[in-house]
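Report on the following structure.
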Amino acid sequence: SPDGTRILTGSDDLESTGKLWDAETGELLHTFRFFTRITTVAFSADGSKLLMGGLHFQEYVRVHQAIAPYSMISELSTSAACAVFSPDSEEILIGRWDETATRWDADTGQLLQTYVVGHHSTVEEYSGSVNAVAFTPDGTHFVSGGWDATAKLWNLSTGALVRTFTGHVEHQFGNGEGVTSLAVSADGEFLLTGADDATAKVWDLDTGNVVRTFSGHAYLNGYNGVRSVAFSPDETRILTGAGDHSVREWQVSTGAVLST
């Protein structure tokens with residue numbers, strides 16, 4: 001959660017549940033019963049809402065209150081590979097498996113806009129998943145990342161493509177998932193991406209230039225590359241989690257590994 005007191009998890013097991021935990025004690029606070037594979041979870045920026053979404057037998061995203069009694073606020077009729085709340089906590093951006101991103105009203109569940117963002121793999125015939133999405137801090141743009149190993153910056157209101165970030169290697173280790181995760185810095189100046197080429201990259205959001213590449217994770221047992229990335233609150237460090245069963249902390253200015 002934004003205040004660091006709670007953790008939200010979603011399962012891909014037979015239970016298909018979301019669980020809310022106390023971050024300090026590990027106590028289970030609430031279980032959300034779902035009826036499909038949960039592929040994404042998120043808190044709103046103000047900490048008042050949470051979401052869970054997925055795809056399997058049914059396709060929907062549910063928005064709940066993040067405090068007891070955890071009532072459902074809305075249900076969005078869509079599948080979701082990834083989803084995030086807008087900076088003002090009023091809207092939700094969803095990345096889908098059909099090369100689109102969609103924007104929704106978090107309170108009413110109304111579809112506001114659909115974006116054809118592409119990310120179709122050049123080496124996987126049927127692969128065009130949008131694996132990661134993020135708003136810029138001012139809420140005027142968003143970034144998408146996907147199977148073609150690129151990230152793209154979009155104008156939120158017009159849907160116009162502003163910039164494409166190319167540099168990750170597509171289909172490096174066999175499954176071809178491309179850019180798997182991304183984050184925008186709190187000052188809106190930098191983009192962080194992780195990919196199945198086992199690297200993470202920090203980019204200048206205005207120019208599209210690579211600031212630094214972080215290499216060191218290994219490919220292991222069919223789980224590809226970097227799966228999750230995050231900036232530290234002071235933006236001097238990044239975290240990467242990867243399929244080699246490790247999490248690494250890196251210094252942004254030097255690219256050095258600080259801890260594993």
Side-chain angles (χ1 to χ4, degrees), residues 1-86 89-98 100-111 129-135 145 175 177 180-183 194 221-224 226-230 239-243 245-247:
S1 60
D3 62 5
T5 62
R6 294 160 296 160
I7 296 171
L8 178 63
T9 59
S11 72
D12 186 17
D13 57 20
L14 294 178
E15 285 188 324
S16 293
T17 57
K19 294 182 184 290
L20 187 66
W21 310 82
D22 186 294
E24 183 175 354
T25 67
E27 177 190 359
L28 176 62
L29 302 176
H30 190 72
T31 297
F32 301 88
R33 299 295 175 186
F34 226 60
F35 298 97
T36 189
R37 172 190 176 193
I38 298 176
T39 55
T40 185
V41 297
F43 282 99
S44 62
D46 64 6
S48 68
K49 305 168 187 171
L50 57 83
L51 67 79
M52 296 161 288
L55 171 70
H56 196 43
F57 299 110
Q58 301 179 45
E59 297 185 359
Y60 54 81
V61 173
R62 284 180 175 171
V63 182
H64 286 260
Q65 294 176 342
I67 57 174
Y70 309 108
S71 302
M72 189 170 69
I73 299 171
S74 63
E75 183 173 287
L76 288 53
S77 299
T78 179
S79 61
C82 53
V84 293
F85 282 94
S86 60
S89 304
E90 297 301 315
E91 296 178 356
I92 295 169
L93 183 65
I94 292 174
R96 293 167 45 91
W97 283 272
D98 60 0
T100 66
T102 51
R103 183 163 58 95
W104 304 75
D105 186 293
D107 291 331
T108 68
Q110 178 184 359
L111 177 63
S129 176
V130 182
N131 296 326
V133 290
F135 282 95
N175 290 337
E177 293 185 17
T180 60
S181 52
L182 53 83
N221 295 334
Y223 293 95
N224 290 343
V226 176
R227 311 298 297 176
S228 182
V229 296
L239 285 177
T240 57
H245 306 161
S246 73
V247 176

Quick one: list whatever passes side-chain hydrogen bond (donor to acceptor under 3.5 Å, both in side chains) with [X], sequence neighbours left out.
| X | result |
| --- | --- |
| S44 | D46 |
| Q110 | none |
| T25 | D22 |
| S16 | none |

- Query: Residues two or more places apart in sequence or in another chain: which of them pass ring-ring contact (aromatic ring centres under 6.0 Å, His included) with F34?
  - Reply: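 With neighbours one apart ignored, the set is Y60.
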- Sequence-distant partners of H30, ring-ring contact (aromatic ring centres under 6.0 Å, His included), two or more places apart: F32, Y70
Can you name the salt bridge (charged side-chain N to carboxylate O under 4.0 Å, His left out) partners of [X], sequence neighbours left out?
| X | value |
| --- | --- |
| E90 | none |
| R103 | E91 |
| K19 | none |

- Task: Flag the pair W104 / T78 as yes when at least one side-chain heavy-atom distance between them is below 4.5 Å, and no otherwise.
- Result: yes
Not counting sequence neighbours, which residues clear side-chain contact (heavy atoms from CB on, under 4.5 Å) with [X]? List them please.
| X | answer |
| --- | --- |
| T5 | S1, D3 |
| I73 | K49, V63, Q65, D107 |
| S79 | L55, E59, R96, W97 |

- d(L51 CG, L8 CG) to nearest 0.5 Å is 8.0 Å
